[in-house]
Amino acid sequence: MTLIKAIAKAESMEGVLNLIFRLENLGVDMYDTICNDTISFLCKQKCPLAATEVYMVLRKNQLLVTCKSYYSILKGLIDDGKIWLSQLLIGSFMKDYGIAEPKLSNILLCYLSLKDINSALCFLSKMKDNDSSVTFPVCALKVLMKTGRFLAAYELVMGAKHNLPVMEMVDYSIIVDGLCKEGYPVKALNLCAFVKKMGVVFNIITYNSVINGLCRQGCLVEAFRLFDSLEKINLIPSEITYATLIDNLCKEGYLVDAKKLLERMLLKGYNGNTRIYNSFIHGYCKFGQLEEALMILDHMEIKYHDPDEFTVSSVIYGFCQKGDMEGALGFYFEHKGKGIPPDFLGFLHLIRGLCAKGRMEEARNILREMLQSQSVKELINSVNTEVETESIESILVFLCEQGSIKEAVTVLNEVSPVFFPVEKWFGPFHESQKTAATFRVEWF
DNA sequence: GTAGGGTTAG
């Protein structure tokens, strides 16, 4: 076993398998135990396919495949989404151990929940009738969460009500978080209430996720209501709680309220960070208050929070909004000199602004610098896998060298929304009405 | 299986 582990650590699964095959030919004692141990080890190393090969060796020699081996291979295969292969193994597992074997029941539940959550629940209730030790499938939930089916997980929990197994706080939290990300913050709140009744206590991270989910759906009022109720459940808002709310206030143009909230946060002993100040800078720039944004920038530097790519890009955006290309260029060169270049959108604003003024040669120079920026390259190349033709980067380089700046900008405008989707909360699952437009903060 | 998992940007 030590040798096998050593070979596997060298990431040579073929080496492990070769060794197994040689041991087989030598007719070594305890061969079946070695194979079962190897299966367990390979699964821990997240190599269920290699483990399956060892399993085949056991089958071929009509040796005992332990329940644990079946379980760990199947779990690995299901986690990897290798459904077709797991189907074959489940058949043998059932033949060898019978349906009442707890590990098999768990795997079946995972497997069924992947295909059809209702049949999983049906199976579960049947197993309960047989007085089996099967509990509600936490593993089924994990499968659902891993495959992003948070609604199904939600319905599973809410539907099971009193037949719930002991679930840990984080298990619930992942569902809550998933629901928020999918745009179901109200369902997430329902789940929170339910969980509270079960006596499970969430920490602030979960509530941060819900607050963010509500904001993303445009439910700022509800988000603040939740924020205000945190005290009642003895939870102290974290810096991220404040950051989330501040960012959303800034986005909506409630900069005065955002500032009040920032003051409140500082009073609680938090220091603020670059990200929080970026929210302000971006908000001020978006609403045409460039001077305010620049004041925040100064303030930031006094507080030793270093500006970053986002900061620089936001300020450039602010200058461009005003049509002040000298200001934008000056700011760009100054920060480039300090080693803080803008990111994709910062460059794009700069180039668009220059083009709008007919300053094509300067736009071309900036485009050239943009295409040399590491972060821009990484971003652009991250979509290339889906495009079969030439890479976007090479197209842009070509257009730049040709001097076809307008065409290059067209390409950039096309790819930009892929990286920075806008208007998040107008998706198909709009749970509650957007209330931000009539919203004012009333804590003072 | 018996640790760790889950949160903020245009």
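Naming convention: chains lettered A, B, ... in sequence-line order (proteins, then strands); numbering from 1 in each chain. Because the structure is predicted, anything quoted here is derived from the model rather than measured.
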Pick base, sugar-phosphate or nothing for [X], based on heavy-atom distances below 4.0 Å to the nucleic acid.
{"X": "A/K181", "answer": "sugar-phosphate"}
{"X": "A/T206", "answer": "base"}
{"X": "A/D308", "answer": "base"}

What is the distance from [atom1] of [X] to [atom2] of [N], rounded to the nearest Å?
{"X": "A/F227", "N": "B/dT8", "atom1": "CZ", "atom2": "P", "answer": "17 Å"}
{"X": "A/I316", "N": "B/dG10", "atom1": "CD1", "atom2": "C1'", "answer": "13 Å"}
{"X": "A/Y154", "N": "B/dG6", "atom1": "OH", "atom2": "C1'", "answer": "19 Å"}
{"X": "A/L226", "N": "B/dT8", "atom1": "CG", "atom2": "P", "answer": "15 Å"}
{"X": "A/Y242", "N": "B/dA9", "atom1": "OH", "atom2": "C1'", "answer": "20 Å"}
{"X": "A/Y277", "N": "B/dA9", "atom1": "OH", "atom2": "P", "answer": "19 Å"}
{"X": "A/I246", "N": "B/dT8", "atom1": "CD1", "atom2": "C1'", "answer": "11 Å"}
{"X": "A/K75", "N": "B/dG1", "atom1": "NZ", "atom2": "P", "answer": "10 Å"}

For this session: Using the salt bridge (Lys or Arg N to Asp or Glu O under 4.0 Å) rule, take A/K336 and A/E369 through it: C-alpha gap first, then chi angles, then the decisive distance, then the call.
Result: CA-CA 10 Å; A/K336 196 184 120 190; A/E369 293 186 16; 3.0 Å; yes

Nearest to the side chain of [X], heavy atoms from C-beta on, is which of [options]?
{"X": "A/S313", "options": "B/dT7, B/dT8, B/dG10", "result": "B/dG10"}
{"X": "A/I240", "options": "B/dG6, B/dT7, B/dA9", "result": "B/dT7"}
{"X": "A/L345", "options": "B/dG6, B/dG10, B/dT8", "result": "B/dG10"}
{"X": "A/E168", "options": "B/dG10, B/dG5, B/dT7", "result": "B/dG5"}
{"X": "A/N278", "options": "B/dG6, B/dA9, B/dG10", "result": "B/dA9"}
{"X": "A/N212", "options": "B/dG10, B/dT8, B/dG6", "result": "B/dT8"}
{"X": "A/V170", "options": "B/dG5, B/dT8, B/dT7", "result": "B/dG5"}

Problem set entry | Cationic N near anionic O, under 4.0 Å, A/K259 to A/E263 |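 No, no charged N to carboxylate O under 4.0 Å.
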
For this session: Please determine if A/D96 and A/R59 form a salt bridge, counting it only when a charged side-chain N lies under 4.0 Å from a carboxylate O.
Result: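 Salt bridge present between A/D96 and A/R59.
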
Exercise. If we take the C1' atom in both B/dT8 and B/dG4, what is their distance in whole Å?
Worked result: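 Result for the C1' pair: 22 Å, nearest Å.
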
Exercise. Rounding to the closest angstrom, what is the interatomic distance between B/dG5 and B/dG1 at atom C1'?
Worked result: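 Here B/dG5 and B/dG1 have their C1' atoms 14 Å from each other.
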
For this session: Would you please determine if the base of B/dG10 is stacked by A/Y317, with stacking meaning a centroid separation under 5.5 angstrom and planes under 30 degrees?
Result: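 A/Y317 ring does not meet the centre or angle cut-off for B/dG10; no stack.
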
Quick one: sort the [X] and [Y] rings into parallel, tilted or perpendicular, breaks at 30° and 60°.
{"X": "A/Y70", "Y": "A/F93", "result": "parallel"}
{"X": "A/Y317", "Y": "A/H282", "result": "parallel"}
{"X": "A/Y277", "Y": "A/F280", "result": "tilted"}

Problem set entry | Polar side-chain contact A/D171-B/dG5 base: donor and acceptor under 3.5 Å |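 Yes, the side chain and the base share a sub-3.5 Å donor-acceptor pair.
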
Please confirm whether the shortest side-chain N or O distance from [X] to OP1 or OP2 of [N] is below 4.0 Å.
{"X": "A/K68", "N": "B/dG1", "result": "yes"}
{"X": "A/R275", "N": "B/dT8", "result": "no"}
{"X": "A/K251", "N": "B/dA9", "result": "no"}

